[in-house]
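Below is one structure, written out as structure tokens; the observations come after it.
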Amino acid sequence: MIAQAQLAIPPATMPQSDVLTQPRGAEILIQALVHEGVDAIFGYPGGAVLHIYDELWRARNRITHYLVRHEQGAVHMAEGYARASGRVGVALVTSGPGATNAVTGIANAYMDSTPIVVITGQVPIPLIGTDAFQEVDTIGITRSCVKHNYLVRDVRDLAPVVHEAFHLARTGRPGPIVIDIPKDVSAARASYSRLKNISYPCIDRRSSPDPHVVARAAAAIVQARRPVLYVGGGILNSGAAPALLAFAERLQLPVTPTLMGLDGFPSAHPLCLNMLGMHGTYAANMAVAESDLLIAIGVRFDDRVTGKLATFAPQARVIHIDIDPANVGKNRAPQISLIADARDALCALLEKIESFGQARIDESVSGRAAWWERLRAWQQEQPLRFSGAADHIKPQSVIRELHRLTKGNALLVTDVGQHQMWAAQFYPFQKSRQWITSGGLGAMGFGLPAAIGAQLVRRDEVVVAVVGDGGFQMTNQELATAMQYDLPIKVLIMNNGYLGMVRQWQEMFYERAYSEVDLTVSPDFVKLAEAYGAFGVRATRPEELSDVLAAGLAHKGVAVMDIVVSKEENVFPIIPAGGNSRDMITEG
Amino acid sequence: MRHTLSIVVADQPGELSRIVGLFSARGFNIETVSAGETPDPKWSRVTIVTRGDDRTVEQIVKQCQRLARVREVQDVTMQPHIEREMALIDVAAKPGATRQEVLSLVAVFRAKVVDISESGMIIEASGNKDKVEAFIELLRPIGIRDYTRTGCIAIGRLSRVDSSRAATEEEELSWPVDERATGDVNKPSPSHPFSTG
Ligand SMILES: Cc1ncc(C[n+]2csc(CCOP(=O)(O)OP(=O)(O)O)c2C)c(N)n1
Ligand SMILES: [Mg+2]
């Protein structure tokens, strides 16, 4: 109660002199989180964060803590929360094993530019470096997979560090921030001050698009005969989807999104060539191969997109638009580079292009008629397709059916593997933030907890975790978290009895030597769901699929749909690693 | 090629390893690294010499620039700049002819004897990398027991020398000025290996 009363005092009137009435570090932390608008923390307690958990208990009316079942789950939930809402997600874990368990999630957020703040407990300052109980060098371990991290050595720095951390997490290219708080710092007292002791100006490197570069880019775009818009996660992070749509429509430009950018442009739009890259469409990969101008926005020329870099888009000049200068020129040197936020850049480009006048725009559009003929031909030649089967369920048909039953409105969260690629290929997206997946790190175990975090901010929407039988078993204990907090996610297990994606590579590139990919000994997923108190259903035959999915989706609470699919189905098209569009294999 | 990077970073624990980590993550070897304060004690300057193709180094520069506590990063390689390093060399020069030989080399290189004993002497030498290395090579046959080098530090030139010629002109232009400015007592020797032609 005393602590509550203290927190109620506005920071400015906090008595500075009387040390004992000053809040403890833990309280300052919570206050700072409240100031940042944090309403949810995903976490797991332990010795080094006991003071913080004590304060959280007092502040339970203002911040809800979600007790996870493994720290990896906490971070993935924070990521799901962030990706579904556009806000910063927060996770809290203890020192040592708590921190090491969180590393996969932190690395995942780093690779996919997701804004999260991870608070880790640390042993008291005097014990740091002594191999104390549950001590690890969290700052050192996470250094290469965070945007920034802090070891807070002085309680007076705590509030400013938290505020700076949130600022850094969400500005520029978003990313994870780790705040490591020694136990004695969360116990020490100080007055709450937002700004005191910030000795380093937080350098905000956001720049508005350089008008000269915009002019050059606009001129190149209207002149191009075979342009392609290659767009990625940056579109979502900057909220640029409407600007992208307006831009593409104005000039009738073909659009191909990456795995991370799938929901940045409506999949069923006539301008959309659909996904690019290793498992992208034939049309998208051919378009890029034949393009004379690649307009790359919020992408990083990842190897899963480019294949062999030297032969990627060999005829194209490149305009690369990205907020992070370090992304530009990393893998492919562009002819024009524009360092800017994607939405700002697209708006500036459109404005410039409008200034050219209608006649020039019409001329530009009609000059690409032949290009569109070729694009349409590629689309018709090799559309995404799969053959039906009478006696087993085709995984692609599961996604199609899910799309039909959810009227294309579900928020899809996936794990990593074949099911992820089928979800990417066969569920057309309509709006931003409808698709959450682990792209850069490809971390199995991501799907289920990320769906929980997403469901939290999208309470009234259908959130479906599409997972494999392998990845599901990496984090399925989080079903308990979903149950405990009544977060009614729908888990769709594409149960092929294999580590399918690895099996596919072994089939195609290792002479069918199925080395250690057999998952036939798995639990009964329906019983497992029931053991957690969730609803479980299973489909094994094609004729059951629709009803089983419908039953799972209609269930009010957490549901697990165990869909037993063809065991040896492959994802097509596939461009073997290090190849290019010419090596594309379109069917088995 | 060889690149000299000059980085201004917050003088806080762990910041140097963030920078160095960018190099090791790319499998880049750092030839030398040195750090010290700047006029503003909040910031320190790190000079890193590395070898690598220009594009990769440029990439590291960009990654360095986006570190939250890095204020500026310059690849000074192509700019007019002055580079120096210092070495402390422990030479097994016993009293007698070898010691005289060492002393004459010391004079030629405008180095300094900073410690001396029955068994040898410690010499302080500074200059650019080539000079320090040339000096060490000349001392080697006499008997070097150990040496330690600071690694390069660099600063931009005041006079705007054409950058393409800076590397070759640097020595001729800067040495006499430098030495006087630092109040070096050793007189420039006419037979100085770098002061002529
Ligand atoms: C943590 C982790 N370990 C290993 C891998 C390598 N890997 C990629 S896909 C895959 C198979 C996934 O199997 P499953 O979850 O059943 O999905 P499926 O491919 O069968 O749809 C594996 C092992 C990974 N991506 N992440
Ligand atoms: Mg599987």
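Sequence lines set the chain letters: A, B, ... in the order given, protein chains first and strands last, and positions in each chain run from 1.
Within the 4.5 angstrom heavy-atom criterion, only backbone atoms of A:Asn331 (N, CA, C, O) approach chain B. Contact annotation for B:Arg18: both backbone and side-chain heavy atoms come within less than 4.5 Å of a heavy atom of chain A. Heavy atoms closer than 4.5 Å to chain B are found in both the backbone and the side chain of A:Asn149. Of the two parts of B:Ala25, neither the backbone nor the side chain holds a non-hydrogen atom closer than 4.5 Å to a non-hydrogen atom of chain A.
The NE2 atom of A:His148 sits 8.5 Å away from atom CD1 of A:Ile139, with the distance rounded to the nearest 0.5 Å. Atom OG1 of B:Thr50 is separated from atom CZ of B:Phe23 by 5.5 Å, given to the nearest 0.5 angstrom.
With contacts defined as side-chain heavy-atom distances shorter than 4.5 Å, the pair A:Thr120/A:Ile179 does not qualify.
The list of ring-ring contact (aromatic ring centres under 6.0 Å, His included) pairs with a residue in residues 110-135 of chain B, not counting sequence neighbours, reads B:Phe109-B:Phe135.
Interface remark: of the candidates B:Ile60, B:Thr56, B:Asp11, B:Val61, B:Asp11 forms the most heavy-atom pairs closer than 4.5 Å to chain A.
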For this session: Give the intermediate values and the outcome of side-chain hydrogen bond (donor to acceptor under 3.5 Å, both in side chains) for residues B:Asp40 and B:Thr38.
Result: CA-CA 5 Å; B:Asp40 180 347; B:Thr38 64; 5.7 Å; no
